Amino acid sequence: MRDSLEDFNAKFASILDRNPSPLRLQRDPLCPELKPATTFYDKHLDERLSLKTVTVLPSFISHLSKFVDEALKRVLKDDVDIPSVNDSFPNHRYLSSTILKGPATDAKSLGQVYQITTSATAITLASMLSLHPTASEWSSVLLLNRQADKRNLYPYALHEGYAPELLIPGDDLVPLPENSMLRAAWGSIEDSKRKELEETRHRFPMLAVWQMLFACGEAEAALKHFDDVASRGSYSHVTFHTVAPGIQPANTDLPFSPDAKDTAWVSPISSIVDSPAPLKDTTSATEQRDTRRRSQRKPFAVSIKGRGSVKHKGKMKPLAPHTAKDLGRSWPNITLPIETATNVAVEELEKSLLQHAWGRTAERDSSFLVFHCGIYERIAFRHRTSQTLYISEAIDVANCANPAYGKIHVGLYMAILEDVLDRTRQLMQHETGIRRSKRKHDSLQSRGDYKRPKTRRFIALKTARQLEALEAFQTVCDELPDRSLVLLRIQHGPFNSPIPASFLRIVDTGPLLKTTYGPQEYFTITITSEIGHGATGDTHTATIELLTSEGRTVSFSDIVVKLALEGEQQARLRHEFSVYQHLKAFDVKGIPHIFGLFKEVEGGTLVLIMNNVSTPLRKRMTNTGFTISDGERESFATIMRDIHEAGVRHRDIRPDNLVISDDGISSIIDFDIARISVSESSRKREYDYLVDLLNGEALPLNVSPGTPKIQDEDFFGLSYHSELKLGYPREEVSNPDDPFGLGIYEYFERHPEIEPEPEPEPEAEMESSVRGS
């Protein structure tokens with residue numbers, strides 16, 4: 001034996017016995033306000049996934065400590081000589097660019113402090129002990145990374161962009177400083193384990209949830225009061241208060257998502273919870289061919305002249321309107337929660353933090369959760385089957401002992417790794433069984449070399465569906481303008497709304513709000529998938545359903561909705577709606593059909609509803625430009641001329657905002673930064689840029705035309721550096737006649753007399769009320 005257990009503990013004492021220094025805080029002049037954290041999405045979580053019980057587990061921290069001790073014993077037993085922490089142990093030089101200068105001022109800077117003082121060392125030791133103890137030098141396949149927040153939630157008081165990730169060689173996400181460490185780790189891992197890690201990286205991009213809270217009095221008190229929530233027994237999930245009798249969550253199967261079962265970490269949980277039967281899919285083997293909801297499967301594309309494209313989703317069934325009775329559809333009277341909306345009791349901060357964080361673990365399908373406010377911390381574990389959140393006792397970060405803070409987090413990262421690897425193995429085994437059943441089923445179906453031909457009946461049925469879709473679209477266009485209320489549900493991923501959210505139409509004038517709406521005064525929106533996130537909020541695909549004035553239920557499945565949750569997003573969405581209304585007044589074609597802007601009754605979230613105009617030009621990009629016909633070029637040019645004749649300048653022309661349907665209908669979308677009443681010269685420059693872009697003579701950049709800066713976050717396309725790989729000649733994009741390409745900075749430097757148009761002033765908030773009858 002090269003070392004004893006005491007020698008190992010002494011070797012790693014600088015990590016395992018270390019507590020970070022007391023945090024320096026800057027609370028003045030303004031301490032960020034931490035508000036209740038329950039978001040719009042949290043209230044749509046499927047009831048079968050929602051939080052039911054909060055339980056304090058006093059032995060939580062000691063189990064993490066024992067987890068480290070057992071790992072050290074295994075290394076000792078295997079006679080592995082791990083390098084001393086003084087020999088090539090990763091130092092903090094590569095983090096120098098992120099080191100906080102001065103005291104912590106918000107939640108994001110607290111995350112940086114934790115990343116430097118604790119995570120950088122703990123995560124490396126955890127990776128070595130768990131995956132590659134025989135590596136010749138200190139290395140890691142784990143990194144605590146900070147991603148751009150999908151949804152800003154009081155970003156200065158609550159930051160949730162930090163999460164541990166697995167690093168795989170060749171992954172574009174691997175930061176340069178980690179490359180050498182990763183190669184050393186990867187080279188000492190067996191091939192079978194490498195494949196398992198690659199599969200885990202694919203399934204779980206983010207392994208856990210970190211909630212960084214600014215160290216204000218509210219956060220400290222909330223973490224302490226988690227005990228009070230646990231003492232109440234069952235947890236009451238906060239949802240919406242719309243009264244809609246008979247409108248129930250969809251009866252869908254949950255994706256297979258098991259709890260870990262063969263890990264050392266499971267033992268303290270299994271000793272408390274009676275082990276339930278393992279999760280099983282309720283679908284038969286023959287139904288496993290596509291486990292997605294019908295509305296999420298690849299759609300059939302059909303043409304709607306002048307409206308872009310309409311897509312049927314799922315199997316080949318007509319979309320002809322039916323009566324509500326035929327569909328078994330309930331259309332009750334709806335009562336709005338007006339009193340709840342205007343006299344809301346203050347939501348308990350600690351309860352809202354728990355529900356929101358639980359929801360994020362469900363979205364990521366992760367098990368571990370950390371609440372960290374710099375002074376105190378709680379570590380939690382999500383047990384899926386019992387819908388229970390097990391939380392540790394409050395940890396005094398700078399003063400904890402036996403174990404110290406460093407050892408707690410080494411054990412935490414090891415437990416996270418073991419958990420995701422175990423669950424990956426279960427998922428792979430489960431899917432192998434499905435594939436075997438599918439092959440058996442397919443072999444029976446394929447006897448006789450059967451292949452379904454595209455018969456005349458098949459073609460006729462498809463044509464009939466196109467006509468029916470056109471009729472449904474027209475019916476929706478005719479019926480919706482007079483309807484003030486929309487009930488919105490989410491049915492994809494972990495979401496299956498227990499109660500729909502109520503939204504009311506925003507209009508310029510109208511009588512006072514009413515509280516009860518009949519079946520023909522509202523319609524429903526069901527969000528079925530996610531498209532992306534941007535400056536105006538979140539974009540989703542959706543389906544509209546309504547009961548017509550003739551008593552028929554009509555469904556239209558080719559809808560896009562934009563959800564804006566916070567102030568800046570909502571201001572941009574209101575502006576975009578006003579631009580669309582302006583273009584509509586000028587009868588501009590080649591833009592989405594807008595069904596309206598609506599505001600949530602209880603929380604103020606905004607939703608903009610429009611039809612889906614299909615596929616962005618970005619998806620036609622090749623190394624030599626775009627695949628686009630002359631007719632499509634001319635169509636885009638015509639649309640742009642019409643937009644400019646209406647006095648509007650788009651200001652964000654790029655491949656993501658130029659879309660073409662499957663049958664060749666062109667459209668321009670996303671007018672959230674457009675301006676009205678701009679100069680003729682600026683419109684001409686934009687038109688010339690569009691023509692050059694479509695001809696491959698200008699480099700598509702995420703630059704707002706006329707604004708000499710690259711957008712902070714590239715939500716929809718390639719970054720500045722990625723665009724350089726497309727092979728465009730630099731001289732083409734540096735041409736002074738193209739002030740919106742790569743040479744934008746140089747252009748304005750060479751021509752100081754030409755100033756870019758200023759950013760528009762924030763528009764006055766629309767005077768609005770809600771139309772009623």
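Numbers here are sequence positions counted from 1. The model shown is predicted, which means the values in this text are computed figures rather than measured ones.
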Chemist: With side chains defined as the heavy atoms from C-beta onward, is the minimum distance between Phe371 and Phe226 less than 4.5 Å?
Modeler: yes

Chemist: Would you check, one step at a time, whether the test ring-ring contact (aromatic ring centres under 6.0 Å, His included) holds for Phe595 with His593?
Modeler: CA-CA 6 Å; Phe595 294 106; His593 181 91; 4.8 Å; yes

Chemist: Shortest non-hydrogen contact from Ser555 to Ala472?
Modeler: O-CB, 3.8 Å

Chemist: Do Glu545 and Trp331 come within less than 4.5 Å of each other through their side chains, counting heavy atoms only?
Modeler: yes

Chemist: Please name the pair of heavy atoms, one in Asn333 and one in Pro245, separated by the smallest distance, quoted to 0.1 Å.
Modeler: O-CD, 3.7 Å

Chemist: Given side chain to side chain donor-acceptor pair (under 3.5 Å), test Thr242 with Ser502 step by step and report yes or no.
Modeler: CA-CA 6 Å; Thr242 306; Ser502 302; 2.5 Å; yes

Chemist: Quick check: closest heavy atoms across Leu427 and Phe256, and the distance to 0.1 Å?
Modeler: CD2-O, 3.3 Å

Chemist: Classify the ring geometry between Phe368 and Phe60 as parallel (under 30°), tilted (30 to 60°) or perpendicular (over 60°).
Modeler: perpendicular

Chemist: Is any side-chain heavy atom of Gln581 less than 4.5 Å from a side-chain heavy atom of Ser578?
Modeler: no

Chemist: Do Asp228 and Lys351 sit within salt-bridge range, that is, some charged N less than 4.0 Å from a carboxylate O?
Modeler: no

Chemist: If we ignore hydrogens and angles and just use 3.5 Å, is the side chain of Arg505 paired with the main-chain N or O of Arg483 as donor and acceptor?
Modeler: yes

Chemist: State, with a plain yes or no, whether a side-chain heavy atom of Phe503 is found less than 4.5 Å away from one of Val601.
Modeler: no

Chemist: Run the numbers on Thr516 and Ile334 for side chain to side chain contact (heavy atoms under 4.5 Å, CB included), then give the verdict.
Modeler: CA-CA 6 Å; Thr516 303; Ile334 303 299; over 6 Å; no

Chemist: Parallel, tilted or perpendicular: which describes the rings of Tyr580 and Phe671, with under 30° parallel and over 60° perpendicular?
Modeler: perpendicular

Chemist: Considering only heavy atoms from C-beta outward, does the side chain of His44 approach that of Pro494 to under 4.5 Å?
Modeler: no

Chemist: Under 4.0 Å between a Lys/Arg side-chain N and an Asp/Glu carboxylate O for Arg423 and Asp365?
Modeler: yes

